[in-house]
Amino acid sequence: MKPDFPEQRLAWAREHGWSGVAERTIEPDLFSRLSWRAAGERDTPVRVLGEIRGTYGNRAAFAHDRPLPLLQSQARAHERFGRISGVSVEASLPAGYVLLARKPSFARMYPMPWAEGLAVTRRPLGTPTAVWAQPGAEDLVIGALAPILQSAAPIVTGGEGGEYLVAIGEGSVIVGETYQSGPEAALYRMGLADDVATRLEHAVRAGAAPAAN
């Protein structure tokens, strides 16, 4: 019998010298706060499966899964994008989220009801993306990430999940995609997170944006 997905990822971690745990509970983070239900749920600890931790380039990195809800009515943004990778950052970055989609209509319509206090720009530079950014940092975020936004189609096509949601803040950049993706996709997401982090770090150091974390 073929091992399930978390077991495959843990086997990869052992083979490549990363640490791994089958299951653990984490504190609320940038994704778990994207609840589509009661506001209090955003403060609830999150159960994750098949978590691996190691180093991607010079950054601490991780990947894990977040279980899908039992009921469709429990759907939340962080569970649509339930296959997660993240990397640490070396500078204090403006808080925000970036959606990379295949279709402009998805980026134009995708709801983020709990991204309070963030300014949204739909389809910046004519791309199939959306950016939620800390007020005052919109131009810096869009400018720094313009090459990524303009390459959204090949980035999404090069991966496996269909869309990517990137979360920025609290000392990390986190990338989520859907459950269609395979074990190797964790490294692809880390590469995207590293690219986002590097571009924003350079922009912040070069000149100046309000930082939230």
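Quick caveat: nothing in here was measured; it's all calculated off a predicted structure.
In the hydrophobic clustering of this structure, Leu192 groups with Leu125; members are Ile, Leu, Val, Met, Phe, Trp, Tyr whose side-chain heavy atoms approach within less than 4.5 Å, directly or through other members.
Atom NE2 of His202 sits about 8.5 Å away from atom CD of Glu90, to the nearest 0.5 Å. With rounding to the nearest 0.5 angstrom, the CD atom of Glu7 is 11.0 Å from the CG atom of Leu49. Atom CD1 of Ile174 is separated from atom CG of Asp29 by 4.5 Å, given to the nearest 0.5 angstrom. Remark: Thr127 OG1 to Leu149 CG distance equals 5.0 Å, nearest 0.5 Å. To the nearest 0.5 Å, atoms CZ (Arg123) and OG (Ser105) are separated by 9.0 Å. To the nearest 0.5 angstrom, Ile155 atom CD1 is 10.5 Å from Gln150 atom CD.
Scanning both residues, Ala107 and Ala130, for their nearest heavy atoms gives O-CB, 3.7 Å. The minimum heavy-atom distance between Gly54 and Trp18, with the atom names listed, is N-CE3, 3.2 Å. Closest approach of Pro135 and Gly117 over heavy atoms only: CD-O, 3.0 Å. Residues Gln134 and Pro94 come closest through the heavy atom pair OE1-CA, 3.3 Å. When all heavy atoms are compared, the tightest approach of Val89 to Ala197 is CG1-CB, 3.8 Å. Across every non-hydrogen atom of Gly169 and Leu30, the tightest pair is O-CD1, 3.3 Å.
A salt bridge links Arg59 to Glu201: at least one charged side-chain nitrogen sits closer than 4.0 Å to a carboxylate oxygen. Ion pair Arg102/Glu163 not flagged as a salt bridge, since none of the NZ, NE, NH1 or NH2 atoms sits closer than 4.0 Å to an Asp/Glu carboxylate oxygen.
No side-chain heavy atom of Leu99 sits less than 4.5 Å from a side-chain heavy atom of Tyr164. In this structure, Leu10 and Val21 have side chains that are not in contact, with every pair of non-hydrogen atoms separated by 4.5 Å or more. Val46 has its side chain out of reach of Phe31: every pair of non-hydrogen atoms, C-beta onward, lies at least 4.5 Å apart. Taking 4.5 Å as the limit, every side-chain heavy atom of Val175 sits out of range of all side-chain heavy atoms of Glu177. With a 4.5 Å cut-off on side-chain heavy atoms, Pro124 and Thr129 count as touching. Here the side chains of Val98 and Leu165 are not in contact, with every heavy-atom distance at 4.5 Å or above. Side chains of Asp195 and Ile148 form a contact here, defined as non-hydrogen atoms less than 4.5 Å apart. Proximity of Tyr97 to Val131: side-chain heavy atoms (C-beta onward) are nowhere separated by under 4.5 Å.
Between the side chain of Arg83 and the main chain of Thr178, no donor-acceptor pair closer than 3.5 Å is present. At distances below 3.5 Å, not a single donor-acceptor pair connects side-chain atoms of Arg199 with backbone N or O atoms of Ala146.
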* Begin from the C-alpha positions of Val141 and Leu200 and carry the test side-chain contact (heavy atoms from CB on, under 4.5 Å) through to its verdict. => CA-CA 7 Å; Val141 172; Leu200 285 174; 4.3 Å; yes
* To do: Check the pair Arg122, Trp132 against side-chain contact (heavy atoms from CB on, under 4.5 Å), reporting the backbone distance first and the verdict last.
  => CA-CA 9 Å; Arg122 303 276 183 176; Trp132 292 261; 3.9 Å; yes
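Residue Ser19 forms a side chain to side chain contact (heavy atoms under 4.5 Å, CB included) with just one option from Arg14, Glu51, Arg53, and that option is Arg53.
Below 30°, between 30° and 60°, or above 60°: for Phe62 and His64 the angle between ring planes is between 30° and 60°, a tilted geometry.
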